[in-house]
Amino acid sequence: MSSLLATGRTHDCGSLRREHVGNEVVLFGWVHRRRDHGGRIFVDLRDRAGLTQVVFGPDIDEGAHALADQLRSEFCIGIRGTVVDRGENENPNLPTGAIEVEAHTLEVFSTSATPPFVIADDDRLDVHENLRLAYRYLDLRRPCVQRNFLLRSRLYQITRSVLTRHGFWELETPYLVKYTPGGARNFLVPSRLNPGTFYALAESPQIYKQLFMVAGFDKYFQITRCFRDEDLRNDRQPEFTQIDVELSFATPERVFAPIEELVAEALRELAGHELELPLPRLSWREAMERFGTDKPDLRFGLELRDVTEVTRGCGFRVFESAPLVKGLCVPPEHAAPLTRSQLDKLTDFVKKREHGGAKGLAWARVEPDGSLKAPFAKNLSPEATAGIVRVMEAEPGSVLLFVADDFDTVHTALSALRLHLRDLLGLLDEASPSWRLAWVTEFPLFERTDDGRYVSAHHPFTSPLPEDVPLLDTDPASVHAQAYDLVMNGNEIGGGSIRIHRADVQAKVFEVLGLDEEEKQQKFGFLLEAFRYGPPPHGGIALGLDRIAMLLAGAESLRDVIAFPKTQRGHDLMTGCPTPVDEAQLAELYITHRPLPGRDDT
RNA sequence: GGGGCGGUAGUUAAGUUGGUUAUAACGCCGGCCUGUCACGCCGGAGGUCGCGGGUUCGAGCCCCGUCCGCCCCGCCA
């Protein structure tokens with residue numbers, strides 16, 4: 001073994017200060033940058049803790065100086081030397097800038113080929129993502145990337161600390177689970193021992209954690225991987241990490257309390273932000289009405305206003321004939337960028353299918369005398385004009401933007417427009433990031449499919465609000481659930497529910513979902529059987545750990561907080577997976593595949 | 001399945017109406033340099049313009065197809 005390795009390092013590259021001057025130290029790390037002045041060679045030595053300037057010179061050590069001439073970027077080296085005060089030459093940009101290490105010994109542990117991109121260009125992430133992913137281990141060397149993973153590591157520790165303090169047991173559930181169609185698409189794992197049958201990779205530990213409650217474990221949590229074979233997005237990976245939580249004798253408030261403490265501590269420790277508890281609660285209905293979405297960004301105003309009533313019989317047919325007319329009021333101080341051509345762009349924006357596909361955007365400016373200047377204004381009755389100005393809380397100089405359509409279209413379009421205006425008009429202060437969290441509660445229990453069937457909005461074990469139970473018979477669409485999401489800055493970071501523990505209510509829900517006895521037994525027989533033996537009332541939540549880490553890190557993508565992520569097409573560019581497999585292994589599993597699409601082998 | 005953006009030197013980008021030898025910065029290689037810290041100076045190497053086909057006297061540029069990456073819809077909590 002080399003002498004320095006045997007000695008071991010005395011410090012990391014981020015910790016030396018003026019108080020260490022005179023110490024003999026051993027540092028290990030990578031050559032971040034090298035500046036060769038002939039008689040002086042400076043090396044910024046990097047490890048995960050920081051940078052330390054190391055100096056080589058013939059007067060310090062002739063051999064080390066000669067060897068340092070051969071150093072190049074990303075060589076992995078060890079040095080022994082003396083900490084000296086830099087005095088006038090202090091570098092204020094480095095935490096270790098007050099000192100440098102005069103190297104008496106240099107050992108090259110390993111040389112490095114010229115990396116495909118420069119690791120030291122740390123603050124610039126502008127390397128193509130495919131290259132970053134192909135050389136992920138080098139990408140992960142960058143200090144700015146490493147910071148995200150330190151944050152992520154601390155998030156695990158905070159989670160464990162807070163939840164353990166609250167009496168939760170950390171437990172594990174299987175990844176190889178029973179295949180249940182419906183919900184997210186499963187990854188399948190063939191069973192060699194049972195040819196022709198498959199496990200599924202768990203989409204979530206949902207059913208197992210409920211069985212923990214039946215088992216009397218009372219309070220459970222797990223930081224666990226979940227697998228979903230669905231299309232990827234900026235904030236969606238096929239494997240991701242949840243903080244999964246379940247507790248017995250639960251009410252929504254009893255679920256919220258420890259979770260609020262967890263996010264508060266995470267924000268305090270990782271973002272330096274003191275969260276005010278309890279967090280605001282917002283019913284789903286209120287969130288939709290005020291923001292047009294179930295995950296409102298509460299960092300700015302610009303709330304939706306309903307002018308349906310005041311525009312009945314107003315003289316403008318578009319408004320009169322629509323089931324719902326709502327609008328946004330851009331106050332005068334932000335309205336300047338909204339020129340005529342910009343308003344035309346906003347009209348195109350709301351017409352796009354992904355922004356709701358509204359038929360148009362009606363806009364108006366409020367004149368100093370309180371009248372409206374707009375293409376449609378001449379049609380408006382004075383009463384309607386006054387009503388609009390009042391409801392919109394408009395003042396002279398405000399710009400009003402209206403969408404008239406059905407409930408879904410109006411809210412989708414105005415919600416998208418609201419976020420668009422947030423960015424267009426700079427409604428957030430980028431310099432001082434703010435953190436606005438809220439619980440969105442009382443989601444609808446069911447959603448209607450195109451062919452009129454009911455499906456669970458959350459999952460089939462979600463409990464209705466007690467007062468809505470009778471509606472299961474008469475009007476399932478209006479039943480609200482004891483289901484909730486946790487929303488942070490317009491992102492859903494968690495969701496959960498109180499589960500059904502009463503057999504009669506569960507039976508009713510299955511009835512609405514159209515599950516017959518056979519399907520029930522086939523899909524959930526074991527859970528229903530378990531629920532015959534005194535299940536406690538229970539409920540829980542799952543938090544998206546990756547998303548929380550992404551937001552706290554200020555990252556743009558989930559990929560920035562997952563060490564080895566997949567591309568949008570599900571590829572790992574470093575290993576090249578997924579790949580075909582050996583025919584022999586397929587044969588062992590009794591698997592053949594159909595002709596592949598788009599490959600004409602003939 | 002659909003819509004949009006992108007792919008030019010190791011990297012990031014520029015490349016005019018289709019026209020001479022495809023540019024720049026950084027990086028890399030060699031040399032010089034004892035106070036730099038994005039060191040500096042001098043010199044040099046480096047190109048399958050993603051891939052395939054087409055139009056043309058001539059294609060990085062136009063057309064068709066295809067692969068890859070990113071963003072979005074559908075899908076997915």
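Lettering of chains follows the sequences in order, A, B, ..., and the numbering in each one begins at 1.
Annotation: B/U11 and B/C28 have their C1' atoms spaced 11 Å apart (nearest Å). The separation of B/C26 from B/C72, taken at their P atoms, amounts to 35 Å, rounded to a whole angstrom. Only the C1' atoms considered, B/C63 is 13 Å distant from B/G18, to the nearest whole Å. Taking atom C1' in both B/G15 and B/U20, one finds a spacing of 15 Å when rounded to whole Å. Comparing the C1' positions of B/U12 and B/A77 gives an interatomic distance of 38 Å, to the nearest angstrom. For the C1' atoms, the distance linking B/G1 with B/A45 amounts to 48 Å, nearest Å. Rounded to the nearest Å, the gap between the C1' atom of B/G27 and that of B/G47 is 16 Å. To the nearest whole angstrom, the two P atoms, one in B/C42 and one in B/A25, are 12 Å apart.
The base of B/C75 lies outside donor-acceptor range of the side chain of A/D231, with no N or O pair under 3.5 Å. A donor N or O paired with an acceptor N or O is not found under 3.5 Å between the base of B/C76 and the side-chain atoms of A/D229. Between the side chain of A/R228 and the base of B/C76, no donor-acceptor pair of N or O atoms lies under 3.5 Å. A/R569 contributes no side-chain N or O that forms a donor-acceptor pair with the base of B/C70 under 3.5 Å.
The A/Q568 side chain lies nearest to B/C72 when the options are B/C28, B/C72, B/U34. Closest contact between the side chain of A/D59 and the listed nucleotides B/U34, B/G35, B/C37 involves B/U34. Closest to the A/A184 side chain, of the nucleotides B/G35, B/C76, B/C33, is B/C76. The side chain of A/L573 has B/G69 as its nearest neighbour among B/G69, B/C37, B/C28.
Under the Watson-Crick and G-U wobble criteria, each requiring two contacts below 3.5 Å, nucleotide B/G46 is left unpaired. The base-pairing partner of B/G40, taking Watson-Crick or G-U wobble contacts with both distances under 3.5 Å, is B/C32. Figure legend. B/G69 is base-paired to B/C5; pairs are counted as Watson-Crick or G-U wobble with both atom distances under 3.5 Å. Of all nucleotides present, none satisfies the Watson-Crick or G-U wobble test against B/U16 with each distance under 3.5 Å.
Rounding to whole angstrom units, CZ of residue A/F227 and P of B/C76 are separated by 20 Å. Atoms CG (A/N89) and C1' (B/C39) sit 13 Å apart, rounded to a whole Å. Between A/D244 atom CG and B/A77 atom P there is a gap of 14 Å when expressed in whole angstrom units. Put simply, CG on A/L71 is 21 Å from P on B/U36, counting in whole angstrom units. Separating the CD1 atom of A/I41 from the P atom of B/G40 is a distance of 16 Å, rounded to the nearest angstrom. A straight line from CG of A/L419 to P of B/C72 spans 13 Å, rounded to a whole angstrom. Taking atom NZ on A/K352 and atom C1' on B/G74, their separation rounds to 16 Å, with Å as the unit. Put simply, CG on A/D36 is 10 Å from P on B/U34, counting in whole angstrom units.
Using a 4.0 Å cut-off, some side-chain N or O of A/R33 falls inside it from OP1 or OP2 of B/C39. Within the structure, a side-chain polar atom (N or O) of A/H571 is placed less than 4.0 Å from OP1 or OP2 of B/G69. OP1 and OP2 of B/A77 both lie 4.0 Å or more from every side-chain N or O belonging to A/R233. Within the structure, every side-chain polar atom (N or O) of A/T114 is placed at least 4.0 Å from both OP1 and OP2 of B/C28. Using a 4.0 Å cut-off, no side-chain N or O of A/R86 falls inside it from OP1 or OP2 of B/G35. Phosphate contact (OP1/OP2 of B/G30, side-chain N/O of A/R72, threshold under 4.0 Å): present. Residue A/R35 places none of its side-chain N or O atoms closer than 4.0 Å to OP1 or OP2 of B/G35.
Contacts of A/N234 with the nucleic acid, taken as non-hydrogen atoms under 4.0 Å apart, involve only primed sugar atoms and P, OP1 or OP2. If you check every strand for non-hydrogen atoms under 4.0 Å, A/E100 touches a base. Residue contacts for A/S73: at a heavy-atom cut-off of 4.0 Å it reaches the sugar-phosphate backbone alone, with no base atom in range. Nucleic acid contact for A/R34: none, since no nucleic acid atom lies under 4.0 Å from a heavy atom of the residue.
Between A/L232 and A/T567, it is A/T567 whose nearest contact on RNA chain B lies nearer the 5' terminus. Residue order along RNA chain B, read from the 5' end via each residue's closest nucleotide, puts A/H37 first among A/H37 and A/L94.
Crowding of A/R35 atom CZ: a count of heavy atoms from other residues, nucleotides or ligands under 6.0 Å exceeding 12. Other residues, nucleotides and ligands place no more than 12 heavy atoms under 6.0 Å from the CD atom of A/E556. Counted within 6.0 Å of NZ on A/K178, heavy atoms from surrounding residues, nucleotides or ligands total more than 12; the atom is thus considered enclosed.
For A/R236 and A/E230, the salt-bridge test fails: no basic side-chain N is under 4.0 Å from an acidic carboxylate O. For the pair A/K295 and A/E492, the salt-bridge criterion is not met [side-chain N within less than 4.0 Å of a carboxylate O]. Here A/R185 does not pair with A/D231 in a salt bridge; the nearest charged N to carboxylate O distance is not below 4.0 Å.
Judged by a 6.0 Å distance limit and a 45° cone about the ring axis, A/R448 is positioned over the six-membered ring of A/Y454.
Classified by interplanar angle (parallel below 30°, tilted 30° to 60°, perpendicular above 60°), the ring pair A/F117/A/Y135 is perpendicular.
A donor-acceptor pair shorter than 3.5 Å cannot be found between the side chains of A/N186 and A/Y199.
The two atoms that bring A/A481 and A/T462 nearest to each other are CB-CG2, 3.7 Å, heavy atoms only.
Taking the ring centroids of A/H355 and A/H420, they lie at or beyond the 6.0 Å cut-off.
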Distances under 3.5 Å between nitrogen or oxygen atoms of protein and nucleotides 5-12 of chain B:
from: B/G10; atom 1: O2'; to: A/P116; atom 2: O; distance (Å): 2.8
from: B/U12; atom 1: OP1; to: A/H128; atom 2: N; distance (Å): 2.5

